[in-house]
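Below, read A as the first sequence line, B as the second, and so on, with proteins coming before strands; counting in each chain starts at 1.
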There are 2 protein chains.
Amino acid sequence: MAKRKAVSIKDVARESNASLTTVSLVLNNRDGRISSATRERVLSAVERLGYRPSRLAQSLQSQRSGFLGILVPQLRHAFADVYFGELISAIQETAAEHDYKIILDVANPRYLERNHHLELFRRHYIDGLLCLGVTNNDTYLADFGEGQPVIVVNNRVQDVDLDFVQCNYVEAGRIAATHLCELGHRHIGYIHGATEVQTTSDLRHGFEEILQRFDISLPPSHFEDGLYTEEGGADAAIALLKRDPSITAIFSGNDKMAIGAISGLKRIGKRVPEEVSVIGCDDVHQSEFCDPPLTTIHTPIFDVGARACTMLLDLISSKQETVRETKDVSLTVRNSTAAPQTGRNGSPQ
Amino acid sequence: MAKRKAVSIKDVARESNASLTTVSLVLNNRDGRISSATRERVLSAVERLGYRPSRLAQSLQSQRSGFLGILVPQLRHAFADVYFGELISAIQETAAEHDYKIILDVANPRYLERNHHLELFRRHYIDGLLCLGVTNNDTYLADFGEGQPVIVVNNRVQDVDLDFVQCNYVEAGRIAATHLCELGHRHIGYIHGATEVQTTSDLRHGFEEILQRFDISLPPSHFEDGLYTEEGGADAAIALLKRDPSITAIFSGNDKMAIGAISGLKRIGKRVPEEVSVIGCDDVHQSEFCDPPLTTIHTPIFDVGARACTMLLDLISSKQETVRETKDVSLTVRNSTAAPQTGRNGSPQ
DNA sequence: AGAATATGATAAAACCTTTTACCGAATCGA
DNA sequence: TCGATTCGGTAAAAGGTTTTATCATATTCT
């Protein structure tokens with residue numbers, strides 16, 4: 001199939017009776033050194049031959065790949081998660097605006113064991129890396145060093161001194177707690193996600209801070225792990241209400257689990273929000289379309305992704321030395337929360 | 001910050017008192033030419049220096065980038081769509097198994113206008129391309145040619161002769177229609193997605209084929225565009241029932257719109273499935289967690305993505321000349337469909 | 001007019017591999 | 001012992017660009 005060889009700068013040089021160097025200078029507008037006559041000659045040859053410089057050769061020479069990496073953890077189907085998807089959309093869009101392309105990697109055990117994360121830089125795959133969904137267990141993050149720009153997106157890592165852009169999850173916890181308390185709830189369940197995620201703790205700290213202020217106790221029996229999945233959320237909600245039927249409100253660490261929780265509550269015949277209020281966290285798109293529409297903490301995920309990408313580019317071009325940003329969150333009230341029913345239905349006071 | 005220069009094969013050669021060539025031969029196991037003594041010497045030097053070959057130089061030399069491209073259309077936040085996400089997960093996983101990496105591009109108008117899709121190959125960004133979410137309007141697909149392996153994923157393009165891997169949407173339409181008809185529905189609404197998508201027509205053809213067999217008419221007033229979004233699905237369902245209150249079942253072109261439709265129906269006080277049945281298509285993960293859980297056509301999206309990726313690799317390595325595959329689909333019955341209520345509530349017979 | 005400076009273009013080095021072709025030394029067969 | 005192999009290894013080319021240093025030629029200054 002004689003896949004005819006790609007045209008190179010040499011071909012252009014020959015075609016235009018100019019030297020290799022001249023062609024390069026013209027193409028890169030290296031100051032007016034070249035006469036407009038030769039410039040035209042070169043340009044027309046480029047046009048005629050349909051020449052486009054090889055990005056491989058360019059990268060080799062410039063020692064810049066023009067790629068940004070996105071590293072996500074190994075989950076069921078990581079990319080089918082709207083939370084990650086939203087971040088990736090934001091990152092891709094921002095990167096494209098700056099003529100960078102995105103490459104996608106999944107940090108599974110095999111990957112890490114083979115040090116593929118280090119190869120990303122050492123073998124010049126990428127110029128910078130964005131890490132999504134990291135946990136405090138991800139010790140490999142400590143492997144990155146000098147000249148390897150890395151930003152942790154919407155999280156932090158406890159023991160590793162890495163740059164990050166995140167939402168204020170402590171505040172998110174406070175807002176959620178305040179909302180429930182002010183509605184009058186006193187028996188509250190808490191569905192959390194993986195505890196090794198830093199923002200999971202942040203959220204809980206903020207939440208408990210406010211509960212204490214309202215003098216409400218949150219016994220261990222009111223906590224349940226929802227695994228950050230719908231199924232987990234459903235199971236957790238059911239477990240919580242079985243263990244303590246007086247619970248009138250549930251805070252879920254993310255919307256996914258909250259939606260699962262609503263589905264679980266319905267399954268055991270509890271009406272939302274009449275009998276049990278549910279509040280989530282994230283404000284993903286579909287929260288508007290579950291039944292009832294979910295009250296949740298709005299976190300500016302898209303902005304965080306875009307900002308992280310911009311900052312990464314600044315790190316790469318040495319416009320920044322270090323990045324540490326925390327974005328504000330807010331309450332989005334829909335219909336899954338209400339004041340608790342007084343009297344009859346349980347609620348032993 | 002003296003970012004100390006990366007160690008190159010030259011450094012290894014010097015360190016191990018061998019020639020450049022020898023080092024390369026050892027590293028690539030080019031037949032037993034090298035004595036085990038030198039081999040050891042080289043290997044230990046590699047170890048000591050922490051040498052890793054530059055993939056840029058390798059790619060330049062081999063004329064293979066080691067990347068696969070994924071091109072998605074411009075949508076709200078394309079990657080935050082579980083359907084695309086599932087495909088991307090499958091592709092990424094398969095590619096990684098074969099030591100390929102994935103790069104992500106969004107085909108927005110600016111991108112296409114600048115012919116960035118062609119640059120992908122011409123500038124050696126990628127060795128092969130997977131196109132997601134294409135429509136019959138995407139004429140740029142015709143630009144790809146010889147030596148540019150491209151596969152359309154879970155779709156086809158009417159006028160362009162491109163390789164594809166897809167689900168059998170004609171059959172999906174048939175199955176959905178059969179299900180509704182056998183339940184006894186006679187007044188059926190149809191929420192469709194973008195008509196410029198080939199599978200949209202396939203689905204409809206299959207659906208109408210069965211309705212004719214059951215001698216049921218589907219007047220234009222029973223069609224509504226749901227824009228492939230939740231909002232669109234909700235609006236469409238409401239419009240359909242306002243226009244013809246005798247409708248007892250709705251088929252939706254994807255689950256997203258179906259979930260929206262359920263939410264819309266509830267909003268106007270219609271119970272699902274007692275008053276109106278809803279059946280979707282795709283079987284996305286969350287269909288299990290809406291209320292009621294959605295009856296839908298299961299399409300093996302993940303398999304399609306994985307298969308498309310495998311086939312693309314075969315095209316690249318010339319193990320295949322052409323790819324045309326259609327995967328089976330099946331019915332997943334949950335609780336959003338039921339027999340129509342007889343008598344009282346409308347249903348003029 | 002002779003020296004100094006612009007101007008326009010180019011040869012060569014550098015970026016880092018892999019592969020091809022070749023070379024000297026040792027081994028082997030006759 | 002001569003010619004043919006095998007063995008172990010290397011120099012050089014190729015892959016395609018950018019950048020640096022250099023070289024002619026033309027122009028300007030004194």
Side-chain angles (χ1 to χ4, degrees), chain A residues 3-43 45-46 49-66 99 119 121-125 127 147, chain B residues 3-43 45-46 49-66 99 119 121-125 127 147:
Chain A
K3 177 188 206 171
R4 66 184 174 298
K5 269 181 50 169
V7 349
S8 90
I9 197 170
K10 264 186 201 161
D11 303 313
V12 178
R14 190 173 330 107
E15 176 83 8
S16 62
N17 279 320
S19 80
L20 229 169
T21 315
T22 306
V23 177
S24 174
L25 291 177
V26 168
L27 259 37
N28 297 286
N29 294 318
R30 282 280 163 277
D31 302 46
R33 322 229 344 96
I34 310 296
S35 73
S36 60
T38 14
R39 143 174 268 99
E40 284 313 316
R41 223 165 1 105
V42 168
L43 255 24
V46 166
L49 270 48
Y51 166 73
R52 301 268 52 212
S54 157
R55 136 211 164 244
L56 282 169
Q58 285 180 322
S59 291
L60 178 59
Q61 144 70 30
S62 67
Q63 298 292 81
R64 290 257 164 138
S65 69
D99 285 312
E119 308 256 302
F121 284 107
R122 295 212 294 195
R123 306 193 59 193
H124 304 281
Y125 278 103
D127 299 333
Chain B
K3 179 186 204 173
R4 64 183 175 301
K5 273 181 42 171
V7 348
S8 90
I9 198 170
K10 263 185 201 161
D11 302 313
V12 177
R14 191 172 331 107
E15 176 83 8
S16 62
N17 280 318
S19 81
L20 232 170
T21 315
T22 307
V23 177
S24 174
L25 292 177
V26 169
L27 259 37
N28 297 288
N29 295 318
R30 283 280 163 278
D31 300 47
R33 321 225 348 92
I34 309 298
S35 72
S36 60
T38 15
R39 146 174 264 98
E40 284 312 317
R41 230 174 346 116
V42 167
L43 255 24
V46 166
L49 271 47
Y51 167 73
R52 303 265 54 212
S54 157
R55 127 202 175 251
L56 282 169
Q58 285 180 324
S59 290
L60 177 59
Q61 143 73 29
S62 67
Q63 298 293 77
R64 291 256 164 140
S65 70
D99 285 312
E119 307 256 301
F121 284 107
R122 294 213 295 195
R123 306 194 57 194
H124 304 282
Y125 278 102
D127 299 332

| Touch class at under 4.0 angstrom, heavy-atom based, for A:R52 against every strand present | sugar-phosphate
| Nearest heavy-atom pair of B:A18 and B:V42: which atoms, and what distance? | CB-CG2, 4.2 Å
| request: May I have the distance from B:N29 (atom CG) to C:dT18 (atom P), rounded to whole angstrom? | output: 12 Å
| query | Which residues satisfy the side-chain hydrogen bond (donor to acceptor under 3.5 Å, both in side chains) test with A:S16, sequence neighbours excluded? | reply | none
| said: Need one value for A:T38: base, sugar-phosphate or nothing, where a base atom within 4.0 Å counts as base even if backbone is also close, heavy atoms only. | reply: sugar-phosphate
| field | Residues which pass side chain to side chain contact (heavy atoms under 4.5 Å, CB included) with B:L43, listed by chain and number, not counting sequence neighbours | value | B:V26, B:L27, B:R39
| request: Hey, could you give me the CG/NZ distance between A:L20 and A:K10, rounded to the nearest 0.5 Å? | output: 7.0 Å
| query | Over how many whole Å does the gap from A:K10 atom NZ to C:dA11 atom P extend? | reply | 12 Å
| message | What contact category does B:S8 fall into here, base, sugar-phosphate, or nothing, at under 4.0 angstrom with non-hydrogen atoms? | response | sugar-phosphate
| field | Nearest-angstrom distance from the residue atom CZ of A:R55 to C1' of D:dT17 | value | 13 Å
| query | Please give, in whole Å, the distance from C:dT10 C1' to A:N17 CG? | reply | 14 Å
| task | Measure from CD1 on A:I34 to P on C:dT7 and round the result to the nearest Å. | result | 13 Å
| field | For atom CG of A:L56 and atom P of D:dT18, their distance in whole Å | value | 13 Å
| remark: Rounded to whole Å, the CG-P distance (B:D11 to C:dC15) equals 10 Å
| query | On DNA chain D, nearest-nucleotide positions of B:R41 versus A:A57: which is more 5'? | reply | B:R41
| Hey, does A:S54 reach any base, or is it just sugar-phosphate, or nothing, if we go heavy atoms under 4.0 Å? | sugar-phosphate
| side-chain hydrogen bond (donor to acceptor under 3.5 Å, both in side chains) against A:S62, all qualifying residues, sequence neighbours excluded | none
| message | From CD of A:Q58 over to P of D:dT18, roughly how many Å is that when rounded to an integer? | response | 5 Å
| note | Taken to the nearest 0.5 Å, the spacing of A:D127 CG from A:S65 OG works out to 3.5 Å
Got a list of protein N/O to nucleotides 19-28 of chain D N/O distances below 3.5 Å?
{"unit_1": "D:dT19", "atom_1": "OP2", "unit_2": "A:R30", "atom_2": "NE", "d": "3.3"}

| Degree of bending, the helix from C:dA1-D:dT30 to C:dA30-D:dT1 (end axes from five pairs; round to 10°) | 50°
| query | Of all residues at least two apart in sequence or in a different chain, which pass the side chain to side chain contact (heavy atoms under 4.5 Å, CB included) check with B:R52? | reply | A:E119, A:R122, A:R123
| remark: Rounded to the nearest 0.5 angstrom, the OG-CD1 distance for B:S24 and B:I9 is 5.0 Å
| task | Look only at the side chain of A:D11 and the backbone of A:S8, and say whether a donor-acceptor pair between them is shorter than 3.5 Å. | result | yes
| field | 5′-ward residue of the pair B:S19/A:I9 relative to DNA chain D | value | B:S19
| said: So does A:S35 get a backbone contact from the side chain of A:T38, meaning a donor-acceptor N/O pair under 3.5 Å? | reply: yes
| With respect to the phosphate group of C:dA14, does any side-chain polar atom (N or O) of A:Q63 fall under 4.0 Å of OP1 or OP2? | no
